[in-house]
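Please read the structure below before turning to the comments.
These values consider heavy atoms only, across backbone and side chains, with no hydrogens, waters or symmetry-generated copies. These numbers come from a predicted model, not from an experiment.
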Amino acid sequence: FIPVFEEDGLIVQLDEYIFRKVCNYIKRDYDKGLNIMPVSVNLSRGSLRADDTVEKYKKIIEECNIPKEYVPIELTESAAIHSLDIRTRMQELKDAGFTLHMDDFGVGESSLVSLNILPFDVVKLDKSLIEQLGDAGGNEIVRHTIELAHFKKMKVVAEGVEEEEQCRKLKEYHCDELQGYYYSKPMPYEKLFEYLMKQEKRC
């Protein structure tokens, strides 16, 4: 249904609904004094082109009274690199105090240049890039990408980690965070913290 929503413009309302839902979940646990793990929320190109997006999302955060760093904004490199309007909106989000994640790095036309010119705080390496681990060339590509991101003061998250050897290599290359089926399939929010407590000593 996502392409349909993008075509008729309803994707902007869906983005806002998801963002508010995540903020409400976090507020519930924040008010209980629990340790909070940030949950990133994707924004579509439609939302990033809307003039009122930044003010709207700032208002939701203020209504929930939670720190902005608990709800990072996630967007694709391709959306940002090809649109001046979206890059402008990104800077507005940064200036408003939001953390920005670059999603799906390594897909399609991904370029190391984007790590240099786009104002992201975190780069998320796509599963297709992680799958290159295992031979000399693939290992070096992943290692140098992580090193460049760190040089630019960005954190690095590896997506789609499914094998122990991938985990071992990424830790060797000082990747900041790993996610994927090696750890767990997607699960309801309510089970997340219980799971993390049980898995905290795993790779």
Side-chain angles (χ1 to χ4, degrees), residues 15 18-19 22 36-45 47-49 53-54 57 67-163 165-184 186 196 203:
D15 285 348
I18 296 297
F19 185 81
V22 170
I36 304 298
M37 186 182 73
V39 179
S40 58
V41 180
N42 290 84
L43 282 194
S44 67
R45 299 183 191 211
S47 290
L48 289 165
R49 288 193 176 101
T53 292
V54 178
Y57 282 52
K68 293 186 183 74
E69 59 262 31
Y70 289 158
V71 195
I73 301 296
E74 194 167 296
L75 54 148
T76 62
E77 173 200 13
S78 59
I81 199 73
H82 296 303
S83 171
L84 179 59
D85 290 341
I86 289 178
R87 293 204 297 274
T88 299
R89 193 75 66 239
M90 287 174 61
Q91 192 59 55
E92 292 173 354
L93 287 164
K94 285 271 291 185
D95 293 342
F98 287 97
T99 301
L100 300 185
H101 287 199
M102 180 196 297
D103 194 21
D104 296 339
F105 184 82
V107 173
E109 300 177 2
S110 285
S111 168
L112 294 177
V113 173
S114 64
L115 298 181
N116 189 46
I117 66 174
L118 297 176
F120 284 103
D121 303 288
V122 176
V123 57
K124 304 184 76 172
L125 307 183
D126 187 73
K127 181 178 185 293
S128 61
L129 192 58
I130 301 308
E131 289 174 343
Q132 301 304 308
L133 290 169
D135 63 71
N139 291 348
E140 288 303 297
I141 289 170
V142 173
R143 181 173 69 85
H144 285 297
T145 301
I146 293 172
E147 288 178 352
L148 178 57
H150 284 165
F151 177 77
K152 296 299 296 181
K153 309 302 183 186
M154 298 178 186
K155 289 181 62 176
V156 182
V157 177
E159 299 182 298
V161 179
E162 297 185 351
E163 301 173 5
E165 180 61 18
Q166 293 173 337
C167 176
R168 189 185 68 78
K169 275 294 181 186
L170 289 162
K171 289 182 68 177
E172 179 184 328
Y173 299 155
H174 305 292
C175 187
D176 299 287
E177 296 179 10
L178 283 63
Q179 66 183 56
Y181 276 30
Y182 178 75
Y183 297 96
S184 172
L196 290 175
C203 167

Closest contact, heavy atoms only, Gly160 versus Ile130: O-CG2, 4.4 Å
So do the side chains of Ser128 and Phe105 get within less than 4.5 Å of each other, counting heavy atoms only? no
Interatomic distance, Ile141 atom CD1 to Asn139 atom CG [nearest 0.5 angstrom]: 9.5 Å
I need the Tyr181 OH to Glu163 CD distance, nearest 0.5 Å. 14.5 Å
Just to verify, what does Phe19 make a ring-ring contact (aromatic ring centres under 6.0 Å, His included) with, not counting sequence neighbours? Tyr57
Take Leu43 and Phe98 through the side-chain contact (heavy atoms from CB on, under 4.5 Å) test and state the conclusion after the steps. CA-CA 13 Å; Leu43 282 194; Phe98 287 97; over 6 Å; no
Taking only residues two or more places apart in sequence or in another chain, which ones pass side-chain hydrogen bond (donor to acceptor under 3.5 Å, both in side chains) with Lys169? none
Note: Val54 and Ala96 closest approach over all heavy atoms is CG1-CB, 4.0 Å
Quick one: does Phe120's side chain get under 4.5 Å of Ser114's, heavy atoms only? no
Non-neighbouring partners of Pro67 that pass side-chain contact (heavy atoms from CB on, under 4.5 Å), sequence neighbours left out: Tyr30, Glu69, Tyr70
Quick check: closest heavy atoms across Gln166 and Glu131, and the distance to 0.1 Å? NE2-CA, 4.2 Å
Just verifying a value: how many Å separate Lys124 NZ and Glu74 CD, rounded to the nearest 0.5 Å? 3.5 Å
Which residues pass the side-chain hydrogen bond (donor to acceptor under 3.5 Å, both in side chains) test with Asp135, not counting sequence neighbours? none
Give, for atom CG of Asp85 and atom CE of Met90, the distance between the pair rounded to the nearest 0.5 Å. 13.0 Å
Does a side-chain heavy-atom distance below 4.5 Å link Phe151 with Leu115? no
Using a 6.0 Å cut-off, check whether atom NE2 of His144 has over 12 heavy atoms from anything other than its own residue. yes
Once side-chain hydrogen bond (donor to acceptor under 3.5 Å, both in side chains) is applied, do any residues pair with Asp121, and if so which ones, sequence neighbours excluded? Lys94
Closest approach of Ser40 and His101, non-hydrogen atoms and distance? CB-ND1, 3.9 Å
Between CG of Asp103 and CG of Leu125, what distance do you get to the nearest 0.5 Å? 10.5 Å
Of all the heavy-atom pairs spanning Cys167 and Val161, show the shortest one and how long it is. N-CG1, 4.1 Å
Any non-hydrogen side-chain atom of Leu48 less than 4.5 Å from a side-chain atom of Thr53? no
With sequence neighbours left out, what residues match His150 under side-chain hydrogen bond (donor to acceptor under 3.5 Å, both in side chains)? Asp176
Separation of Gln132 CD from Glu140 CD (nearest 0.5 Å): 13.5 Å
State, with a plain yes or no, whether a side-chain heavy atom of Leu133 is found less than 4.5 Å away from one of Leu170. yes
Quick one, Asp104 with Glu159, criterion side-chain contact (heavy atoms from CB on, under 4.5 Å). Give me CA distance, side-chain angles, the key distance, then yes/no. CA-CA 8 Å; Asp104 296 339; Glu159 299 182 298; 3.8 Å; yes
Quick one: are Leu118 and Leu100 in side-chain contact, heavy atoms under 4.5 Å? no
Can you find a pair of side-chain heavy atoms, one from Thr99 and one from Lys68, that are under 4.5 Å apart? no
